[in-house]
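Have a look at the structure below, then the notes.
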Amino acid sequence: MICKRGYKGYIYLEDGTLIEGCGFGAKGIRAGEVVFTTSMNGYPESLTDPSYRGQILIITHPLVGNYGIPKPIVENGILRNFESERIQVEGLVVAEETDPYKWNSQMSLHDWLKSEGVPGVSDVDTRMLVKKVRNKGVMMGVISSGIELDEPKKYLEKKYDEIDFTQFTSPKSPIIHQGSGKGIIVVVDCGIKHGILYQLNSRGYTVVRVPCNFTANQIMDYSPQGVVFGNGPGNPKLLQGLIKTYKDIVEYKIPIMGICLGHQITSLALGGNVRKMKYGHRAINKPIIDVTDNKCYITTHNHGYGVFKEDVPKDMKVWFYNPDDGVVEGMIHNKLPIITTQFHPEARPGPWDVTWVFDKFKKVIESGRP
Ligand SMILES: NC(=O)CC[C@H](N)C(=O)O
């Protein structure tokens, strides 16, 4: 095989599958949970989504890189076209990586991965890989770019589900984004997507991002109008400190919004459950049904764990569900001002059909009712 960047690449799956392709991006070897997204675009946002930490991402769309990587746009300390300051995935697998042709591209996908030390593999049959993951469920894997992969198994000592990745994605101290006087929302930042910060801040709130291990007292010291438990990487059941903080915050009866990981933490903190899904939801075109009016929305997802119907806490009711597999995609508390979504209402990348969920949270804050 003749490789455009001049070096080979390999992808190895825990079940013994070893595939040779071309390397691109940085030369190196990384291990991670192998997952796939069916998103056709939005790779700058997806690759910088901290919830992908610890995962090797396969993009199923056949051409990736066509529009390059834009220059970061920052407003009020919030990134408008990336979800965090760095590439978060451990590695990237695509069928074909292309050089960009777009007016606002400042570098190619290849150069971006290279500059951030992240390996990529192209020229592999992503359809075959995804079929394996769909049939057997997500598994650990190894990606190598530009280095022979002699004993791939030796990189697979640690299991994705047993690592607390929030230690790498949560800030060490609070970060504040001033608003226009609507009051304060504390975001418990386990690796928050900047799209969520933007949606809150653009509604006038000062957004205070606090580390994932802050206590309820430290959070309440800011006298917030509401608390958001945001997205984040890894297994929610490992985050026992965060679950305890959530329970303590509930005692204050303050408005809470849970997004993605925050939805799962809500379920665990209020007596419900969360389970690992076979291969998760990662896409920007997943349907959800709003049970309050039976409307269907097309939404952005990135989750490998899920709350199933029988896992919903007894004091909450289903708000949204996915009609494909029944996974609960949002919940509302019966009495307290608590709302959650498993999908991404900030939709970065994705269709903005559901950003009204942030207006709903504003109403919850203003009325004190769910
Ligand atoms: N985007 C997220 O917050 C993901 C939550 C959790 N890590 C999962 O994979 O299900």
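All heavy atoms count here, side chains included; hydrogens, waters and symmetry mates do not. Indexing begins at 1, ligand by ligand and atom by atom, following the structure's order.
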- prompt: Among side-chain atoms of Gln55 and Glu90, is any donor-acceptor pair under 3.5 angstrom?
  reply: no
message: Distance under 4.0 Å to a non-hydrogen atom of Leu261: what atoms of ligand 1 satisfy this?
response: 2 (C), 3 (O), 5 (C)
query: Do you see a donor-acceptor pair shorter than 3.5 Å between the side chains of Asp290 and Tyr321?
result: no
query: More than 12 foreign heavy atoms under 6.0 Å from NZ of Lys278: is that the case here?
result: yes
query: For atom 2 (C) of ligand 1, what's the nearest protein heavy atom and its distance?
result: Cys260 SG, 2.9 Å
- prompt: What about Gln264: any of its N or O atoms under 3.5 Å from an N or O on ligand 1?
  reply: yes
statement: Looking only at protein heavy atoms, what sits closest to atom 5 (C) of ligand 1 is Gly232 O, 3.3 Å
query: Which atoms from ligand 1 have a heavy atom of Asn302 less than 4.0 Å away?
result: 1 (N), 2 (C), 4 (C)
message: Between Ser170 and Asp189, do the side chains contain a donor N or O and an acceptor N or O under 3.5 Å apart?
response: no
task: State whether the shortest distance between N or O atoms of Ser51 and N or O atoms of ligand 1 falls below 3.5 angstrom.
output: yes
Distance-only N or O hit between ligand 1 and Gln342, under 3.5 Å: no
statement: shortest atom 7 (N) of ligand 1-to-protein heavy-atom contact is with Gly234 O, 2.7 Å
Ring centres under 6.0 angstrom apart (Tyr12, Tyr155): no
message: Under a 3.5 Å threshold, yes or no: a donor from one side chain and an acceptor from the other, between Ser145 and Tyr7?
response: no
task: Say whether His281 and Asp325, considering side chains only, have a donor N or O and an acceptor N or O under 3.5 Å apart.
output: yes
query: With no hydrogens and no angle check, do the side chains of His194 and Glu75 hold a donor and an acceptor under 3.5 Å apart?
result: no
- line: Note: ligand 1 atoms sitting under 4.0 Å from heavy atoms of Pro233 are 7 (N)
- prompt: What part of Pro236, side chain, backbone, both or neither, has a heavy atom within less than 4.0 angstrom of ligand 1?
  reply: neither
- request: Establish, yes or no, whether a centroid distance under 6.0 Å links the rings of Tyr43 and Tyr67.
  value: yes
query: Which ligand 1 atoms are under 4.0 Å away from a heavy-atom of Asn231?
result: 1 (N), 2 (C), 3 (O)
query: Looking at the rings of Phe24 and Trp112, which for Trp means the six-membered one, are their centres under 6.0 Å apart?
result: no
task: Please confirm whether Ile259 comes within less than 3.5 Å of ligand 1 when only nitrogen or oxygen atoms on both sides are compared.
output: no
message: Students should be able to answer this: which protein heavy-atom is nearest to atom 9 (O) of ligand 1, and at what distance?
response: Gly304 N, 2.9 Å
message: Does any N or O of ligand 1 fall below 3.5 Å from an N or O anywhere on Tyr305, backbone included?
response: yes
query: Measuring from the heavy atoms of Met277, does anything fall under 4.0 Å of ligand 1?
result: no
